[in-house]
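A short write-up of the structure that comes next.
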Amino acid sequence: MSARRLRQTDLARWSGVSRSFVQSVLRAERDGSLFMFLELSRGLGVDDACDLLREVLDRRDALRAARTLRAK
């Protein structure tokens with residue numbers, strides 16, 4: 001999103017999802033369906049949806065690991 005200078009509101013509108021859904025995915029609080037990621041990738045203009053999925057999963061794993069460390 002930052003590379004394309006998109007706001008969460010724009011991504012949500014172009015993808016047909018709510019802004020709160022976009023926010024919760026970015027905070028790794030919610031997992032989306034495959035179809036939702038396809039919509040998000042279309043909204044971002046990503047050529048290969050697999051690239052977006054990899055980035056989201058990597059970010060989710062990093063956020064979850066950080067939360068686990070803080071909880072200890």
>> Phe21 vs Leu40, test: side chain to side chain contact (heavy atoms under 4.5 Å, CB included). Steps then yes/no.
In response: CA-CA 11 Å; Phe21 177 82; Leu40 291 172; 4.2 Å; yes
> Do the side chains of Leu11 and Val46 join up, straight or via other hydrophobic residues, at under 4.5 Å, putting them in one cluster?
Replying inline: yes
Output side-chain donor-acceptor pairs under 3.5 Å for residues 47-54, partner residues at least two apart or in another chain, one line each.
unit_1	atom_1	unit_2	atom_2	d
Asp48	OD1	Cys50	N	3.1
Arg54	NH1	Cys50	O	2.7

> If you look at every heavy atom in Ser24 and Arg30, which pair is closest and at what distance?
Replying inline: OG-CD, 3.2 Å
Report all side-chain donor-acceptor pairs from residues 57-67 shorter than 3.5 Å, counting only partners two or more places apart or in another chain.
unit_1	atom_1	unit_2	atom_2	d
Arg59	NE	Leu26	O	2.9
Arg59	NH2	Leu26	O	3.2
Arg67	NH2	Arg27	O	2.5

>> Do Leu6 and Val22 land in one hydrophobic cluster if side-chain heavy atoms of ILVMFWY residues count as linked below 4.5 Å?
In response: yes
> Do any N or O atoms from the side chain of Ser15 and from the backbone of Glu39 form a donor-acceptor pair under 3.5 angstrom?
Replying inline: yes
> Roughly how far, to the nearest 0.5 Å, is OG of Ser20 from CD of Gln8?
Replying inline: 10.0 Å
>> With clusters defined by side-chain heavy atoms of hydrophobic residues (ILVMFWY) lying less than 4.5 Å apart, directly or transitively, does Trp14 cluster with Val25?
In response: yes
